[in-house]
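Read through the structure below, which is laid out as structure tokens, and then see the notes.
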6 protein chains.
Amino acid sequence: MARVVTTIARTDAAICDGFAALGVATAHEAQGRTGLLGSRLRPRQSGTTIAGTALTCEVPPGDNWMIHVALEQAQPGDILVVTPTSPCDDGYFGDLLAASALARGIRGLVIDAGVRDVAQLREMGFPVWSKAVSAQGTVKETLADVQVPLVCAGALITPGDVIVADDDGVCVVPRRTAATVLETARRRAAMEEEKRLIYMSGRLSLDVNEMRARLKEKGLGYE
Amino acid sequence: MARVVTTIARTDAAICDGFAALGVATAHEAQGRTGLLGSRLRPRQSGTTIAGTALTCEVPPGDNWMIHVALEQAQPGDILVVTPTSPCDDGYFGDLLAASALARGIRGLVIDAGVRDVAQLREMGFPVWSKAVSAQGTVKETLADVQVPLVCAGALITPGDVIVADDDGVCVVPRRTAATVLETARRRAAMEEEKRLIYMSGRLSLDVNEMRARLKEKGLGYE
Amino acid sequence: MARVVTTIARTDAAICDGFAALGVATAHEAQGRTGLLGSRLRPRQSGTTIAGTALTCEVPPGDNWMIHVALEQAQPGDILVVTPTSPCDDGYFGDLLAASALARGIRGLVIDAGVRDVAQLREMGFPVWSKAVSAQGTVKETLADVQVPLVCAGALITPGDVIVADDDGVCVVPRRTAATVLETARRRAAMEEEKRLIYMSGRLSLDVNEMRARLKEKGLGYE
Amino acid sequence: MARVVTTIARTDAAICDGFAALGVATAHEAQGRTGLLGSRLRPRQSGTTIAGTALTCEVPPGDNWMIHVALEQAQPGDILVVTPTSPCDDGYFGDLLAASALARGIRGLVIDAGVRDVAQLREMGFPVWSKAVSAQGTVKETLADVQVPLVCAGALITPGDVIVADDDGVCVVPRRTAATVLETARRRAAMEEEKRLIYMSGRLSLDVNEMRARLKEKGLGYE
Amino acid sequence: MARVVTTIARTDAAICDGFAALGVATAHEAQGRTGLLGSRLRPRQSGTTIAGTALTCEVPPGDNWMIHVALEQAQPGDILVVTPTSPCDDGYFGDLLAASALARGIRGLVIDAGVRDVAQLREMGFPVWSKAVSAQGTVKETLADVQVPLVCAGALITPGDVIVADDDGVCVVPRRTAATVLETARRRAAMEEEKRLIYMSGRLSLDVNEMRARLKEKGLGYE
Amino acid sequence: MARVVTTIARTDAAICDGFAALGVATAHEAQGRTGLLGSRLRPRQSGTTIAGTALTCEVPPGDNWMIHVALEQAQPGDILVVTPTSPCDDGYFGDLLAASALARGIRGLVIDAGVRDVAQLREMGFPVWSKAVSAQGTVKETLADVQVPLVCAGALITPGDVIVADDDGVCVVPRRTAATVLETARRRAAMEEEKRLIYMSGRLSLDVNEMRARLKEKGLGYE
């Protein structure tokens, strides 16, 4: 009854790379403050930003069999997105799976569960965003779906969507809107760059963004 | 109805600097084991200790407007202390606000909520202690109070109080008692320095602090 | 009524050192996926692996007196294992106790509670795995047991058992089975080394481990 | 930019009523163990089972304006499903909104946030499943979408889907498969009724379900 | 060094009784949405509303000695408010203390920690709002302050302030503003009563409160 | 490799019944404030106290197969104690298993995981203490041990030990010390009964237990 969908439309690599240069907060803002995965997903390394296409994988609690199945579906530029069918912190993924994932061109892992061998993963340069770190081993007994739309840490992710991840967390940008969102995101980033210089000069956002009148109207008083 | 109090008495800079040299644990002990903010506030960098005067700011959930208002009230040596009026993990503060805060002489941020752009904040050398990291954007719609006494992560903080923050967390020292507490803290630090040497030599605290008799009296037995 | 047991059988140092070379995940797998302490215990440094013999210590909430008692019982190669008699996040252990512990030959601390002075502990090279970081000071009023079997973060630990700790967390290996488990662990590590090379070459675990037939039999379909 | 979708296809009332007679666990099992909302949603009354069609509503943190908008879209037999755009425990819903909801024929509320006036809601007979109970008031400043597909407590919900809720929690059954799932659910319920009688007689599931051979084959031993 | 303040100004009993008739949500709204204690404090009974004057008591973790001291300070109409000096879930309060509290005229307990004997407390009619239920016993070794201002579950409480508690949680109203807040609260309650009737008739808040124009102006669209 | 131990020594029924009359807090105190299971285990009914002999069962995450195995080992008067080998909130136990358990004479369930059908369990009069309520179904694929010593919610439990459970939580009393602890518990209960009358008369524990001198000596001051 479980299925692996093999005919996935992926977002263009150039679009993914565009998002990797901008990061999570900008992508999130550019699509109307949507797409964030829950903040319980934390980076297990520091200072890494990646973007790529979602390779989605459901796993039963305590069972990582389907990750092995998912690796065969990988294409270079994918990011593996794993979600348990019920909450679980076990260590679904370690250095062996990372070796395989790297060999298949996978850019990183986003998992709403646990990982292990985190020191080795850092050495290998395989970035991970996970809910937990746990050495707890898993079994290989029960099937689940691979490359189907799923909810990971509260966000709906369709295979082939853009995943962006950095020290702030993880964001999904749907494939259909990715090109447009990227344009908006780039404009936003340029604008922010200008604002940064203004703020560094000491000017206040109250003035730059003309907030004083509205604050007064709402009733703000100074004592 | 919301208000910004502009007439704040700040603790002397020299006192703040004194605490920065001693750290959170010593400040906390020196005032009778009080003043700690909840341990849910975690440093978003490693190895930084700061102390400064509290610039307090309330924010509604998902709304960072008042942080913009607060920045105008900043004086060099302040530490921005932000508390939501109801629990919220959104990313209230990012690199633009940090650029502005640095330009205003603010030494760091303590926030019982989320921050974003943490990689950039580290690069900029702007230290942050927060409850969460989240890219979630916020709106600018609702007022709250600035520079009023407030409760942040379980501790009462009055504008102008000393805030000390390091890898152990955050502590507040009320302005009125700060000079006295600093003296006690320095004595304690000196005493601990001596003890450290004694312990490094292998002597036991059981002997150094003469605990054996009281342990026996309480009923401790050796088998 | 509280007691300190002084006649403890410790696992051989060579066995402990063997586990230190293998790490937590391998030890856990080698004994049938048992022995992990709860993932709430997090390393307070990065990239350190240790193994040693458990020196166990119970502490009342907010009271670190018995840690002072425990230090006298230390032998070189021990790892101090502290568990509160009811849940507590206070800062039971800081740089003075670490100075004493280092002088006694203790290799590190595992504590289901809080620690403080974490920056100093890192500088001193004293590794810690704890539930929390908190500067909260503790008292010395109430007795508890030292060197007795106890439950720490959900795992039963007997004095003298092997404790292994790395960036993945903490694992206990009972003294009686430690030699056998170490052998199994070494075989497993060697086997994993081989597999790593195979996976790095791009071969799939589906093939290496011949999973396809069983997946099909369970009903996995490809679309 | 925010929108209210007014052309929603709802599942037939007879199907909803069918699920109300069976409850959450049976619905969840009948669709292959899917559809559960996270267990953080708890009933705020005891012993009530409801089923109805999802009327979905997004709300910003601390802002319940869109619930007022959603009420106009209600049709008798709907269940209001509210999800915040970022996590929030505020009291979005109380006795006034419940009075309005009852008048509009709404059968209950499922909200991944807080509610208030819970004593009054119980008296009024308006059932609620929520993440939190909190009297915290909310503002009316920011728009969000109504009657769009959304993720609530980890489950994807499309307007018009069946929502089933009882003391075990909340489950969604997609409209398109609801009729088929209901049939399966009824068969399952009948079968369970038979099994219940068998187990009450003292017979073991090991025998009834012929588990002994497979247990032995897997390696279970009796000592 | 610890102290018991014996000269406390209490809010008038008539004001307290006024709040008891209105409940937590109304008190909270009437003072500008302030004063709520954190929602981790849950009622340990159902359907009880109380209001009274705060009798405040700090306790060390795992040590309930000061509750015994506080009971002597009680006056009829007080509500005991207990906060640990660092987080603790132990069972500080049980049926014996409740017997004593009832004899002293105390109306209930608000505690940011654990209680025990909850079945007996319900039988005795002594209402409790607590963070946890735990049978864990406590010691009597360490002093703390009684009848001083303190922070309980995130709210500043001064002895003699009004405490209101019901199934929604707990709210504090400062003594100085209590009379004014009560007037506002009563007006609000009367207004809500009117609105309830309007909503029960099926009229929408969109119309009653004339929200449509502003929603449109903000950009809400109907599809 | 998994095993079921069939030769279990159970505590006498009369001793269990003795504890059922006293409850959790008294049992815990009588054995030196030990034996409590973590307060995350909550009763799923109100006002029920039970005591019986532990029938222990380990279960993998998301897999309830071994509960079926455990039921065969039941003897009248047992309490089923289930602990997952890694943390899991799935609904391991529902009305069918309860029907079987009742038929086997089992008095109740203590589980550090989830249960479902809680409304039916209440109707059947089968009491449960669990970490979670969740309808999430489980599989039957992986073995674990039955009737072996295990750690449940932080407490070591040996098959045949006394389990006491009431509205305050769950406590274990080891079989070997159960008779002695029961005697102590009965004396304590009698003593508490006397104290209750004294406190109800309005006398203070400060006087009854002569605390004043020691409080003064420790430095308590009255202002």
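Note that the structure is a prediction, hence the values are computed from the model and not measured. Throughout, a chain's letter reflects where its sequence line sits, starting with A, and its residues are numbered from 1.
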#### Entry: Under 4.5 Å from any heavy atom of chain D - which part of Glu141(F)
both
### Query
Do the side chains of Glu72(F) and Arg212(D) get nearer than 4.5 Å, heavy atoms only?
yes
### Message
Are more than 12 heavy atoms, taken from residues, nucleotides or ligands other than Arg176(F), located less than 6.0 Å from that residue's CZ atom?
### Response
no
#### Entry: Tyr199(D) to Ala103(F) - nearest heavy-atom pair and separation
O-CB, 3.2 Å
### Message
Let me confirm one number: the CG-OG distance from Leu37(D) to Ser134(F), rounded to the nearest 0.5 Å.
### Response
11.0 Å
### Message
If I take atom NZ from residue Lys195(D) and atom CG from residue Leu97(F), how far apart are they, to the nearest 0.5 angstrom?
### Response
10.0 Å
### Contacting moiety of Glu192(D), where chain F heavy atoms sit under 4.5 Å
both
### Message
Less than 4.5 Å to any heavy atom of chain D: does that hold for the side chain of Val69(F), its backbone, both, or neither?
### Response
both
### Task
Determine the minimum heavy-atom distance between Leu36(D) and Gln136(F), stating which atoms define it.
CD1-N, 3.1 Å
#### Entry: Arg122(F)/Asp167(D) ion pair, N-O < 4.0 Å
yes
### Query
Does a side-chain heavy-atom distance below 4.5 Å link Val139(F) with Arg33(D)?
yes
### Query
Just wondering, do His68(F) and Leu215(D) contact through their side chains at under 4.5 Å, heavy atoms?
no
### Query
For the side chain of Asp168(D) and the backbone of Val118(F), is there at least one donor-acceptor N/O pair under 3.5 Å apart?
yes
### Task
Please examine the side chains of Trp65(F) and Lys218(D), heavy atoms only from C-beta on, and report whether any two atoms are closer than 4.5 Å.
yes
### Query
Rounded to the nearest 0.5 Å, how far does CD of Gln73(F) lie from OH of Tyr222(D)?
6.0 Å
### Task
Please look at Thr26(D) and chain F and tell me whether the side chain, the backbone, both or neither of the residue comes under 4.5 angstrom of a heavy atom of that chain.
neither
### Closest-packed option against chain D by number of heavy-atom pairs under 4.5 Å, given Asp95(F), Thr6(F), Leu96(F)
Leu96(F)
### Query
chain F heavy atoms under 4.5 Å from Arg203(D): which part of the residue, side chain, backbone, both or neither?
backbone
### NZ-OG distance between Lys131(F) and Ser39(D), expressed to the nearest 0.5 angstrom
9.0 Å
### Summary
For Ala25(D) and Ala135(F) the tightest heavy-atom approach is CA-CB, 3.9 Å
### Query
If we only count heavy atoms from C-beta on, is the Arg116(F) to Glu29(D) side-chain gap below 4.5 Å?
yes
#### Entry: Part of Thr138(F) within contact of chain D (heavy atom distance under 4.5 Å)
backbone
### Message
Is Leu220(D) in contact with chain F via its backbone, its side chain, both, or neither, using a 4.5 Å heavy-atom distance?
### Response
both
## Note on the structure
Looking only at Ala27(D), Gly221(D), Gly23(D), Ser205(D), the option with the highest number of non-hydrogen pairs under 4.5 Å against chain F is Gly221(D)
### Heavy-atom pair with the smallest gap, counting every atom of Ala99(F) and Met200(D)
CB-CG, 3.8 Å
### Query
Given a strict heavy-atom distance threshold of 4.5 Å, which part of Ala101(F) is in contact with chain D: side chain, backbone, both, or neither?
neither
### Task
Measure Leu102(F) against the heavy atoms of chain D and call it side chain, backbone, both or neither at under 4.5 Å.
neither
### Query
Is chain F contacted by the side chain of Leu197(D), its backbone, both, or neither, given a heavy-atom distance below 4.5 Å?
neither
### Query
Can you name the closest pair of heavy atoms from Gly202(D) and Arg104(F) and give their distance?
O-NH1, 3.4 Å
### Message
Check this for me: Glu193(D), atom CD, are more than 12 non-hydrogen atoms of other residues, nucleotides or ligands nearer than 6.0 Å?
### Response
yes
